Amino acid sequence: MTLFLETFLAGLLQSGIYALVASGLALSVGVIHIVNFAHGEFLMVGAFLSWGLFTLLGMDPLLSAVVAALAMFAGGALTYRTTIKHVLLAPELNQMLLTFGISITLQNLALLLFGGNTRVVNTSYQGEAVVLFGLSIGLTKLMAFLLALVLLVGLYLMLYRSKLGRSMRAVAQNRLGAQIIGLDVHRIYLIAFGIASALAGVAGVLVSVLLFASPAVGLVYTLKAFAIIVMAGLGNMTGVLWASVLLALSEAFVQTYIPNGGRMSEAVFFLLIFATLVFRASRGAR
Amino acid sequence: MTPNHKKHLMLLGIALLSSASAVKIGALIPLTGASSVSGQAQKNGLMLALDEINKAGGVLGQPLELVIEDDQSNPAKAVPAFTKMVTVDKIEFMVGGLGSSTTLAITGPAKQYNTFMAWSGAASPLVEDAMKDYPYFFHYHPWAYYNFEAILGFFKNLKGNKKAKNIAIAYEDGPFGSTGIQDTVNAFKKAGFNVVLTEAFKAGSGNFAPLVNKAKTQKVDIFYWVGYDVDALPLMQQIKESGLDVGIVYGAPPSWPVNFEKNKLAQGVASLTMWTPELPSTASKNFVKAYKAKYGNITDEYFAPLAYLNLKTLAEAINKAGSLNKDKVAEVMAKSTFDTPLGKLNFSPSQKIKYQGFKGSNWVTFQFRDEKRIPVFPLKVAKKTVLYPMP
C-alpha cells in the first residue's frame with residue numbers, strides 16, 4: 001500500500017511541472033492560434049537564467065523564478081512584436097517554420113554561449129524531504145508543485161475572472177468579432193504570448209533545480225507539452241490539468257508496477273493519446 | 001600590382017605552402033551532445049599535445065596540423081564528419097574517438113579508406129568485434145570487460161569488508177546502458193551478490209521516483225547505475241528525498257555534470273576513472289603543470305590526459321618510423337613502450353584485437369568527498385578508506 005501511495009504521490013507531484021509547461025503552450029495555441037515549437041527553448045532560457053543567477057550572484061531559484069518570469073514575459077512580448085505578429089495571417093506552415101526556426105536559433109545560441117555541458121544548480125534544500133503520514137515527500141518537488149499550483153490557479157483566475165481574461169477568451173473565440181467590438185487584438189495577443197513565455201521561464205527555473213540546465217533540456221518538455229495539449233483538446237485550458245495528471249500518473253504507475261517500465265512509460269501515454277484521438281474522431285464522424 | 005597586393009599574394013603563398021607541407025592528423029571527438037564534457041576535455045588534451053609537439057620540432061621535421069571535427073555524440077553525424085576528413089582533408093592518421101556507438105558507425109568507413117586509427121575511445125566489445133582483423137587499429141581505452149573487472153573488484157572488496165551483498169541496478173535504456181546488462185547481472189550473481197532490482201530508465205527524463213520507490217521495498221547495499229551525466233543529480237536527489245537506505249551509490253556515466261562535486265548530494269557517490277590529477281608519477285605531474293599553464297585550471301576528466309597521450313604517442317611513433325608509411329608506423333607503435341600521464345603504455349592483444357593499450361590496471365575507484373574526487377580503491381593508490389555507508 002505504501003508503494004502504491006508513494007507512486008501516486010510521485011506522479012501527482014510530477015504533474016505540476018507538466019501542467020505549467022503545457023498551460024503556456026495551450027495559451028499560445030488557444031488564444032493566438034499559433035503552434036509554438038520554441039516553447040521548450042523558452043523553458044531552456046529560464047533554466048539557464050536560473051543557473052546564471054545562482055552561479056554569478058548566488059540567487060536562490062525561488063527568487064530567480066520572479067526574475068525569469070519578468071524577463072521571459074519581456075522576451076515573449078518582444079518575440080511576438082518582432083516575429084509572430086507578422087505571420088498571424090500567413091499559412092500555418094509558415095508559422096510553424098518560424099517558431100521552429102526560433103527554437104533552433106535559441107538552442108544553438110545556448111550551445112555557442114554555454115557549450116553542450118549539463119549544468120546544475122545547488123541549493124541547500126535539494127534532497128531534503130518532509131514526512132507526511134509516513135510518506136517521504138521531496139521538498140524541492142513539493143515546492144515546485146505548489147509554485148506550479150499557485151501560478152495555474154492565478155492563470156485560471158485571470159482567464160475566467162478578469163477583464164483581460166474575458167478579452168483573451170473573446171479574441172480566442174472570434175478574432176474578427178473581438179476587433180469589431182473594439183478590442184485591441186494585438187495587445188491581447190502580445191500579453192498572452194508574454195504570459196505563455198513567462199510560464200515556460202518559471203518552469204525552466206524549476207527544471208534547473210529538479211534536473212539540470214543544458215541547451216537540449218527543452219526538447220523533452222516540448223514533446224510532453226504537445227502530447228498533453230493534444231490529449232486535452234487544442235486550446236482547452238482545463239483539459240490541460242487532467243491530461244497532465246494522467247501523463248504523470250501513467251508514467252509513474254507503469255514505471256513502478258511493470259518490470260523495466262522505464263522503457264514503456266512514454267509508449268503507454270502515447271497509446272492513450274492514440275486511443276483518445278481515435279475515440280474523438282469516431283465520435284465526431286457519427 | 002600594388003605593393004599591398006604583392007604582400008597579400010606572398011602571404012597567401014606562404015600559407016598555402018605551409019599547409020601543403022604540414023603533416024595532418026584528424027581528430028573526431030564529441031564537442032556537443034551527451035558526451036560533450038569528456039569531448040571538451042579531449043580537445044584541451046589534444047591542443048596541449050599539439051603545442052608541445054610543434055614546439056619540439058613537429059612531425060618529420062614539419063609542423064603538425066590537427067583537424068578537429070565534432071561528432072556531436074551522434075553516429076549519424078560521425079560518419080559524414082569522418083568521411084569529410086578522409087576524402088576532403090585527405091587525412092590518413094586519426095586520433096580521438098569517445099563513444100562506442102559513434103566509433104562503431106565509422107568502423108566501416110575506416111576500413112574502406114584504410115585509415116590509421118590511433119583510437120582513444122569506445123569500450124564496447126561490439127567495436128572490438130568490428131575491428132578484430134584490421135591492421136591499423138590501435139585501441140587505447142580499456143574494453144568494457146576490463147572496466148567491469150575493476151568495478152567488480154571494488155564491489156568484492158565491499159562484500160568482504162562491509163558485508164555489502166545486495167545490488168540494485170538502474171541502467172539507461174539506450175545502447176550505452178543496456179548492452180550486456182544481462183552479462184553484468186550474471187557476473188554479479190556469480191560473484192556471490194544478490195541482484196535485488198534491475199530496472200531500465202530513460203536518460204534525461206529525470207523521473208526516478210518510481211524506480212527509487214521500488215528499490216525501497218528491498219534492502220540495497222550497492223546502488224549501481226549506468227547512465228549519463230544528465231541523470232546524476234535527479235537520481236541522487238530522488239534517493240535522498242525518498243530516504244532510501246543505501247550503502248553506496250556507484251555511478252558509471254562517461255562524465256559528470258559541471259561542478260557536481262560541489263553539490264552536497266554528491267557526497268559519497270563512487271565512480272571509476274583512469275586518472276586523477278593527484279597521481280604521483282612524473283609524467284602525470286608534468287601534464288598537470290603544462291595543463292594548468294595553458295588553461296589556468298586542471299580537469300578531473302581522464303579523457304584530457306588520454307587524448308594528450310593519444311596524439312603524443314602517435315606523433316612519436318611517426319617520428320621514430322621516419323615516414324608516414326602506415327605499416328612502418330604500426331610496427332613502431334606495436335614495439336614501443338611509452339611513458340604517459342596514465343602510466344606505461346604498450347600495445348598487446350586483447351580478447352580479439354592485436355593492439356590493445358590500457359587494460360584496466362589503471363582504473364581507480366574514487367568517491368566524491370568534500371568537493372573533491374578522492375581515490376579509494378585499489379588500496380595501493382587509495383588516499384582514504386571508502387566511506388561506507390555513504391552519508
Side-chain angles (χ1 to χ4, degrees), chain A residues 2-7 9-11 13-14 17 51 55 108 111 114-124 126-131 135-142 207 209-217 219-220 224 248 251-257 259-266, chain B residues 30-37 39-40 70 72-73 170-174 178 181 197-214 216-217 228-234 236-244 253 255-267:
Chain A
T2 314
L3 184 62
F4 178 86
L5 287 175
E6 275 177 337
T7 307
L9 208 60
L13 292 183
Q14 187 74 21
I17 192 144
W51 170 78
T55 313
N108 282 284
L111 264 176
F114 308 109
N117 300 349
T118 301
R119 285 159 202 281
V120 293
V121 172
N122 308 328
T123 63
S124 56
Q126 260 169 347
E128 299 295 325
V130 283
V131 179
L135 299 176
S136 181
I137 305 168
L139 194 59
T140 341
K141 278 199 174 138
L142 186 66
V207 165
V209 186
L210 294 170
L211 294 174
F212 48 85
S214 88
V217 74
L219 198 69
V220 183
K224 286 191 175 160
E251 277 185 355
F253 278 101
V254 170
Q255 281 177 37
T256 304
Y257 287 103
N260 276 321
R263 289 181 155 168
M264 283 181 273
S265 57
E266 281 172 15
Chain B
L31 295 174
T32 52
S35 312
S36 64
V37 175
Q40 282 160 24
D70 178 13
Q72 299 179 34
S73 318
Y171 63 97
E172 70 93 25
D173 69 348
S178 52
I181 197 72
L197 182 87
T198 314
E199 278 291 319
F201 63 85
K202 287 236 172 286
S205 70
N207 198 2
F208 288 104
L211 192 154
V212 174
N213 287 337
K214 224 193 247 189
K216 264 176 82 177
T217 59
Y228 289 101
D229 55 349
V230 290
D231 307 314
L233 186 65
M236 285 318 298
Q237 201 165 333
Q238 193 53 50
I239 285 177
K240 294 284 175 195
E241 286 174 356
S242 70
L244 175 71
S255 58
W256 292 90
V258 179
N259 288 338
F260 181 68
E261 60 273 14
K262 293 205 167 68
N263 194 302
K264 63 174 180 159
L265 298 177
Q267 183 76 353

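The structure displayed is predicted, hence computed values, not measured ones. In what follows, every chain begins at residue 1, and chains take the letters A, B, ... in the order their sequences are listed.
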Applying a strict 4.5 Å limit to non-hydrogen atoms, the region of A:S214 in contact with chain B is neither
Nearest-0.5 Å distance, CG of residue A:L3 to CG of residue B:N213: 6.5 Å
Does any heavy atom of chain B fall under 4.5 Å from the side chain of A:E6, the backbone, both, or neither of them? both
One should read off an interatomic distance between B:S242 OG and A:I137 CD1, to the nearest 0.5 angstrom, of 12.5 Å
Greatest number of non-hydrogen atom pairs under 4.5 angstrom with chain A, of B:P210, B:S73, B:P257, falls to B:P210
Under 4.5 Å from any heavy atom of chain B - which part of A:T123: backbone
Measure the spacing between CG of B:N207 and CD of A:E251 and express it to the nearest 0.5 Å. 5.5 Å
Testing the basics here: between B:N259 and A:N122, what is the closest heavy-atom pair and its distance to 0.1 Å? O-ND2, 4.0 Å
Inter-residue atom distance B:L233.CG - A:R119.CZ, 0.5 Å rounding: 14.5 Å
B:K262: salt bridge (Lys or Arg N to Asp or Glu O under 4.0 Å) partners, not counting sequence neighbours: none
Closest approach of B:E241 to A:L139 (non-hydrogen atoms, all atoms of both residues): OE2-N, 4.2 Å
If you count heavy-atom pairs within less than 4.5 Å of chain A, which of B:K216, B:K214, B:Q238, B:M236 leads? B:K214
Go through the atoms of A:A216 and report whether side chain, backbone, both or neither lie under 4.5 Å from a heavy atom of chain B. neither
By a 4.5 Å heavy-atom criterion (distance strictly below it), what part of B:Y171 contacts chain A: side chain, backbone, both, or neither? side chain
Do other residues, nucleotides or ligands put more than 12 heavy atoms under 6.0 Å from A:Y257 OH? yes
Closest approach of A:E128 and B:K264, non-hydrogen atoms and distance? OE2-NZ, 3.0 Å
Does any backbone or side-chain atom of A:V131 lie under 4.5 Å from a heavy atom of chain B? Answer side chain, backbone, both or neither. neither
At a heavy-atom distance under 4.5 Å, which candidate from B:P234, B:P30, B:G39 has the highest pair count against chain A? B:P234
Pair count under 4.5 Å, heavy atoms only, with chain A: among B:A209, B:S35, B:G206, B:A200, highest is B:A200
side-chain contact (heavy atoms from CB on, under 4.5 Å) between A:F212 and B:V230: does it pass, once the steps are laid out? CA-CA 7 Å; A:F212 48 85; B:V230 290; 3.4 Å; yes
Counting only non-hydrogen atoms closer than 4.5 Å, does B:Q40 touch chain A with its backbone (N, CA, C, O), its side chain (CB onward), both, or neither? side chain
Is any side-chain heavy atom of B:T32 closer than 4.5 Å to a side-chain heavy atom of A:L111? yes
Residue selection (most heavy-atom pairs with chain B, distance under 4.5 Å) from A:V120, A:T140, A:L211, A:V130: A:L211
Which heavy-atom pair separates B:Q237 from A:L210 by the least distance, and what is that distance? OE1-O, 3.8 Å
